[in-house]
Amino acid sequence: MPSQLESLSSAFSAEQENYLRGFFAGVMQRPFVGQNAAGQLTCQPGTGANLAAPQEEMFFGTPVSDLCAEELWKYQSNPLDLWDELLRTAASNEAPNAENRFRLKFHGLFHVAPAQDSFMLRMRVPGGVMTAAQLRGVAQIAEQWGNSRIDLTTRANIQLREFAPKNVVHVLNSIRRLGMSSLGSGADNIRNITASPISGYDPQELLDVQPYADAMQNYITHSRDLFGLPRKFNIAFDNGGVISVLADTNDIGFVAVRVAEGRNVPAGIYFRVLLCGITGHKQFATDCGLLLLPEQAVAVAAAMVRVFAENGDRTDRKKARLKYLLDRWGVERFLQETEKKLAFPVLRVAASECESRGPVDRAGHLGTHAQRQEGLSYIGVCVPVGLLSVEQARAIAEVAERFGCGELRLTVWQNLILPNVPTACLDEARAALLGAGLEISAGTVQSGTVACTGNRGCKYAAADTKSHALEIARSLDSAFRILQPVNLHVTGCSHSCAQHYVGDIGLMGVKVDGDEGYQVNLGGGADSDQAIARQLFPAMKYRDLLPALHALFDRYMAQRRDCESFLVFTQRHSIDELRGMCATQQGDIAS
């Protein structure tokens, strides 16, 4: 160190030299204890970290000073421990500050100002299964404290809206009395666990996956450390049956598969594991090479979530989803870290060892269909863009109890299903639903239409997605005799809650010269139709959109090959060709 002091260049001023001499003197006086390469203790700096210096506190392996704001809030106070704040919010009847607005999402409460100066409650419905009594209770809550409406979501659960702050405690206590929960339904948590909606009733299914969805939720509920992840996390269980649960859009998708005799593993039913679906970022979940016994699935999911919690990025929320951890690590390292947490080995088996999946019925969630139980059917009820009045909810509960088993199933298509209706009672059950203003069928576009909340209830949305989605779907269905299903996904912003990149038509809300408009995408699909939609127009005013779609469908109807679907038609044409087809009598649409 003296040689460093002596070597101070004459280029420094006297003031600078005095500062540097003082700095080095301070370094010399600071105690240092480190380890050399041989593991011996040394007092000489430069051999690694100073173990005698104050150590910065860490949070999941990240220095606290590097945490983003949301992670710092979690570090300072666990959002699960917020009951006193909930009581204060109710007593003051005031909106929470930014910090507590984030924490309240852990309890399913979203303050949605400025779209609405009130709270939205998002509930958990594992596997989408509810009882008629629960539906009645939820309707009562919505009527007493909300806006007398239930919103069905694209994760097969429900949202209730327009609660005043003073009523949030009443609402939470009421849903608990129903045997339901909203805990962890928002923010950085495992969102509602989805499962094939007719699991247990599906004639084509390989495995009833509803027990696994229930078990996964129960495990989360009893595992405090599975709350407060780096970002949100989606898990789905697919039975390999007729109705898709869109497992390939989830962070983890468990898909039931069959292995036939004569393969390298014993014949039977297993789960394949898909990882890192995040379609808002244009990525589907892909097979990671694991073949699991069904009873291993929940434990493997718990291990994977913990690996993510311990190693995900807590400094940059834009890079905090599971996808980005695997981008850094690779799949193999992620699986190795997962296996370290398991007390049993897992099989690495190529997907080619498994039989191909049976066909998916894109309209199977609507109408009447025979179950695998002889003499029983399920009824798929159309709830356009998921908007259900409390009167209709009570009517559905009545039909479920009178004609079914008192159970209903929600779907990722924002509709619902009434199972176990005796075939002899179908006509009477349908008449009861019709009497409540509910349909069990829809046009080929409306049957595949989903929409997020939109700007009527979400501050991020740039357009009134639900109204626009219904107008588009009904207009196309009335103008064209479309035979194959067309999925229309309408989302209000880049968060892509309605998964616009997997729709035959995918629309994302944008502002165009101050007006509501959409980015227009075509040709997306999931499952056997898996594809990320291509961008047709980056921005188009809504008033121009419907004429453009009519022009496009005119060309589709005139030029399709045999019974070619709209999806296949759009995929075999270039973007320039499709843009040309959208030209209207008012002139070309600017791209």
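Please read these numbers as outputs of a predicted model, since none were measured by experiment.
- Looking only at side-chain heavy atoms (C-beta outward), Val360 and Asp529 stay at 4.5 Å or farther from each other.
- Taking CE from Met58 and CZ from Arg314, the interatomic distance works out to 12.0 Å, rounded to the nearest 0.5 Å.
- Using a 4.5 Å heavy-atom threshold, the side chains of Phe106 and Leu82 count as separate.
- With rounding to the nearest 0.5 angstrom, the CD atom of Gln134 is 10.5 Å from the CD1 atom of Ile175.
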task: Step by step, work out the ring pair (Phe, Tyr, Trp, His ring centres under 6.0 Å) result for Phe233 and Phe308.
output: CA-CA 10 Å; Phe233 204 96; Phe308 171 60; 5.4 Å; yes
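- Between Lys318 and His281, the shortest heavy-atom distance links the atoms O-CE1, 4.5 Å.
- Between Tyr212 and Phe271, the angle of the ring planes goes over 60°, which puts this pair in the perpendicular group of the 30/60° scheme.
- Thr221 and Arg124 are not linked by any side-chain donor-acceptor pair at a separation below 3.5 angstrom, with hydrogens and angles left out of the test.
- Residues Trp145 and Leu160 fail the side-chain proximity criterion, which asks for heavy atoms closer than 4.5 Å.
- Ion pairing of Arg317 with Asp188 is present here, as a side-chain N (NZ or NE/NH1/NH2) and a carboxylate O approach within less than 4.0 Å.
- In plain terms, the two heavy atoms of Leu325 and Asn311 that are nearest each other are CD1-O, 3.6 Å.
- To the nearest 0.5 angstrom, Cys68 atom SG is 7.0 Å from Lys74 atom NZ.
- The aromatic rings of His111 and Phe119 sit perpendicular to each other, their planes meeting at more than 60°, with 30° as the lower class boundary.
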